[in-house]
2 protein chains.
Amino acid sequence: MDQIDAKILSLLHENARMPISEMSRMIAMSQPAVTERLRKLEEQGIINAYRVQLSPQKLGMHTTAFVMFKTNSCPDFITFCEESPEIVELYRTSGEYNFLMKVLTETTASLANLLDKSNVFGFSSVLIVLSTAFEDKNLLKRDK
Amino acid sequence: MDQIDAKILSLLHENARMPISEMSRMIAMSQPAVTERLRKLEEQGIINAYRVQLSPQKLGMHTTAFVMFKTNSCPDFITFCEESPEIVELYRTSGEYNFLMKVLTETTASLANLLDKSNVFGFSSVLIVLSTAFEDKNLLKRDK
DNA sequence: GTTGAAAAAACAGAGGA
DNA sequence: TCCTCTGTTTTTTCAAC
């Protein structure tokens with residue numbers, strides 16, 4: 001991982017579908033050299049995946065929430081979360097609650113409906129997201 | 001947005017760098033037709049961006065945490081968060097706390113260091129992430 | 001790491017259901 | 001409107017260095 005690798009990853013952070021040829025022009029290096037660096041970054045596992053980022057709003061999901069959950073039936077609860085399309089992220093956490101999940105629903109009513117269904121597993125505390133300040137920070141933009 | 005668009009977005013969810021020609025083969029449709037559908041999905045804003053997903057662990061960030069924060073100096077606090085590379089996501093929320101942030105640090109000690117710096121803005125409650133059950137769910141996999 | 005040629009993919013226009 | 005077909009340009013791959 002040198003500065004050139006960091007530059008490649010920064011370009012991909014802005015647009016993961018950028019052609020390698022365009023990247024090679026921007027960093028003044030031959031195209032096969034960039035291809036080889038990319039291959040190594042993928043092989044090392046530094047690059048996990050290339051994802052498309054969709055707009056929840058445009059897909060009709062107008063409510064975002066984080067839900068903290070306390071449960072004793074962990075395996076069943078995890079299965080429930082995996083099978084609930086509204087639950088897009090799930091973390092085990094320390095603290096009074098042992099799970100945190102990110103939820104996308106059409107309305108606050110559909111969020112309430114999900115919470116009703118989850119109540120059999122334990123109890124929850126809900127943080128409604130009023131607005132997102134940022135969520136796409138480049139991991140490499142670190143002042144060292 | 002029909003079933004073909006959904007299929008295109010599902011393929012891009014798996015690999016955002018998949019060539020259009022490969023997608024067109026998988027959905028049995030001509031390459032220019034897929035190109036045009038992609039262009040419209042981008043134009044409509046359904047596709048927000050194409051991102052590369054990096055491994056925090058491979059980049060030396062071994063601690064993930066969610067921090068709830070209560071502050072009265074919102075603009076200054078947001079600026080502080082934007083300028084802190086460890087803070088990768090920031091949301092305004094309802095409830096006792098008015099912010100929630102996702103933090104990636106090298107160690108728990110560097111997390112403590114960040115919390116020390118943030119204390120001037122208010123007070124916080126920390127949820128350390130013990131493990132991630134999932135965080136890449138396809139938004140379109142909804143049983144309707 | 002570079003160059004250069006062959007293969008593949010993306011693009012842009014014409015025309016059809 | 002949405003698609004296919006086709007020719008041109010661009011990108012990728014792969015060889016040799």
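We use all heavy atoms of the structure for the numbers below, so side chains are in, but hydrogens, waters and symmetry mates are not.
- Checked against the 6.0 Å centroid criterion, the rings of B:Tyr91 and B:Phe99 do not qualify as a close aromatic pair.
- Per the geometry, CD belonging to B:Glu36 stands 13 Å off P belonging to C:dG13, to the nearest Å.
- In this structure the side chain of B:Met101 reaches within 4.5 angstrom of the side chain of B:Cys81, judged on heavy atoms.
- The aromatic rings of B:Phe80 and B:Phe121 sit tilted relative to each other, their planes meeting at an angle between 30° and 60°.
- At the phosphate of C:dG1, OP1 or OP2 sits under 4.0 Å from a side-chain N or O atom of A:Arg37.
- Other residues, nucleotides and ligands contribute more than 12 heavy atoms inside 6.0 Å of the CG atom of B:Asp116.
- Per the geometry, CD1 belonging to B:Ile8 stands 13 Å off C1' belonging to D:dC2, to the nearest Å.
- Under the side-chain contact (heavy atoms from CB on, under 4.5 Å) criterion, A:Gln31 pairs with A:Ile20, A:Ser21, A:Ser24, A:Thr35, sequence neighbours left out.
- Classified by interplanar angle (parallel below 30°, tilted 30° to 60°, perpendicular above 60°), the ring pair A:Phe123/A:Tyr97 is perpendicular.
- Atom CZ of B:Arg39 is separated from atom C1' of C:dC11 by 13 Å (rounded to the nearest Å).
- A donor atom on one side chain and an acceptor atom on the other are found under 3.5 Å apart for B:Glu42 and B:Tyr50.
- The C1' atoms of five pairs define one axis at each end of the helix from C:dG1-D:dC17 to C:dA17-D:dT1, and these two axes lie 40° apart (to 10°).
- For the segment residues 14-23 of chain B, the set of residues with a heavy atom within less than 4.0 Å of an atom of DNA chain C comprises B:Pro19, B:Ile20, B:Ser21, in numerical order.
- Checking A:Asn138 against A:Ser10 by side-chain atom types alone, a donor-acceptor pair falls below 3.5 Å.
- Here the NZ atom belonging to A:Lys58 is positioned 14.5 Å from the CG atom belonging to B:Leu139, to the nearest 0.5 angstrom.
- The existence of a salt bridge linking B:Glu36 and B:Arg39 is confirmed by a sub-4.0 Å separation between a basic side-chain nitrogen and an acidic carboxylate oxygen.
- Between B:Phe66 and A:Phe66, the ring-plane angle classifies as tilted under the 30° and 60° cut-offs.
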Nucleotide N/O to protein N/O under 3.5 Å, stretch nucleotides 14-17 of chain C:
none

Review item, nucleotides 2-4 of chain C N/O atoms under 3.5 Å of protein N/O:
unit_1: C:dT2; atom_1: OP1; unit_2: A:Ser30; atom_2: N; d: 3.3
unit_1: C:dT2; atom_1: OP2; unit_2: A:Ser30; atom_2: N; d: 3.1
unit_1: C:dT2; atom_1: OP2; unit_2: A:Ser30; atom_2: OG; d: 2.2

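- If you check every strand for non-hydrogen atoms under 4.0 Å, A:Arg25 touches sugar and phosphate atoms only.
- A salt bridge does not link B:Glu22 with B:Arg17: every distance from a Lys NZ or Arg NE/NH1/NH2 to an Asp or Glu carboxylate oxygen is 4.0 Å or more.
- If you take CD of B:Glu42 and C1' of C:dA10, they are 13 Å apart, rounded to a whole angstrom.
- When rounded to the nearest whole Å, the span between CG of A:Leu38 and P of D:dT13 equals 10 Å.
- Taking the side-chain contact (heavy atoms from CB on, under 4.5 Å) definition, one finds that A:Asp2 meets it with A:Ile4, A:Asp5, A:Arg37, sequence neighbours left out.
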